[in-house]
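What follows is a single structure, written as structure tokens, with notes after it.
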Amino acid sequence: MKTVFVLNGPNLNLLGLREPGIYGAHTLADVEQLCAKAAARHQLALRFHQSNHEGALIDWLHEAGQLQRQGELAGVVLNAAAYTHTSVALMDAIKGAELPVIELHISNVHAREAFRHHSYIAPVAKAVICGLGVQGYSIAIDAVAQVLLGQTT
Ligand code: DQA
């Protein structure tokens with residue numbers, strides 16, 4: 001069974017409380033349940049994490065890289081939150097391990113402030129999903145299974 005990582009960056013622990021007009025009413029626990037269902041649908045094991053610390057996200061990307069080298073990684077869904085717009089270190093971690101990453105945002109970052117239009121992740125990602133609300137997580141896991149792994153179910 002291959003593993004899909006879903007990694008969440010800073011402030012996403014406050015989903016449900018934080019700017020609900022932008023991010024909706026669902027909590028991070030709701031998102032984890034959504035991801036668990038999607039992973040089960042495709043017979044993938046799920047590693048779901050959130051951290052407010054850049055280094056913790058990098059450590060999980062390195063772990064994903066280890067699985068990748070063992071042929072056990074399905075892919076990574078990464079909502080790096082604000083680090084998307086600032087982190088060369090996250091970009092380097094993805095590039096260094098040649099990780100199959102889907103960049104994800106709950107909101108449509110392109111319809112928001114100009115500083116959210118640039119992503120350090122996008123150039124090293126397989127795909128970018130944004131603006132679909134938390135449902136985007138489920139769709140991203142479907143994409144990992146159907147596009148990155150080529151599963152037909
Ligand atoms: C976000 C968009 C980012 O610009 C922002 O900093 C976040 C969340 C999203 O999911 O829409 O924290 O990644």
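Order of listing sets the numbers, starting from 1, for every ligand and every atom in it. Keep in mind it's a predicted model, so treat the numbers as computed, not measured.
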Of L99, I102, I121, the residue whose pairing with L78 passes side-chain contact (heavy atoms from CB on, under 4.5 Å):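 Result for side-chain contact (heavy atoms from CB on, under 4.5 Å) with L78: I121.
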Are there any protein N or O atoms under 3.5 Å from the N or O atoms of ligand 1? List them with distances, or say none.
unit_1: ligand 1; atom_1: 4 (O); unit_2: H85; atom_2: NE2; d: 2.7
unit_1: ligand 1; atom_1: 4 (O); unit_2: R116; atom_2: NH1; d: 2.9
unit_1: ligand 1; atom_1: 6 (O); unit_2: A82; atom_2: N; d: 3.2
unit_1: ligand 1; atom_1: 6 (O); unit_2: R116; atom_2: NH1; d: 3.1
unit_1: ligand 1; atom_1: 10 (O); unit_2: N79; atom_2: ND2; d: 2.9
unit_1: ligand 1; atom_1: 10 (O); unit_2: I106; atom_2: N; d: 2.8
unit_1: ligand 1; atom_1: 11 (O); unit_2: I106; atom_2: N; d: 3.2
unit_1: ligand 1; atom_1: 11 (O); unit_2: S107; atom_2: N; d: 2.9
unit_1: ligand 1; atom_1: 11 (O); unit_2: S107; atom_2: OG; d: 2.6
unit_1: ligand 1; atom_1: 12 (O); unit_2: R18; atom_2: NH1; d: 3.2
unit_1: ligand 1; atom_1: 12 (O); unit_2: R18; atom_2: NH2; d: 2.9
unit_1: ligand 1; atom_1: 13 (O); unit_2: N79; atom_2: OD1; d: 2.8
unit_1: ligand 1; atom_1: 13 (O); unit_2: H105; atom_2: ND1; d: 2.8

Any L104 side-chain heavy atom under 4.5 Å of Y137 side chain: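 In short, these two side chains touch, coming nearer than 4.5 Å.
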Any K37 side-chain heavy atom under 4.5 Å of L34 side chain: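 The answer is no; the side chains never approach within 4.5 Å.
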Ring geometry between H105 and H85 (parallel below 30°, tilted from 30 to 60°, perpendicular above 60°):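 Plane angle under 30°, so parallel.
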Pair listing, ring pair (Phe, Tyr, Trp, His ring centres under 6.0 Å) test, anchored in residues 5-38, at least two apart: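 Those involving residues 5-38 do not exist here.
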G9 backbone acceptor or donor facing N79 side chain under 3.5 Å: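 Not a single qualifying donor-acceptor pair exists.
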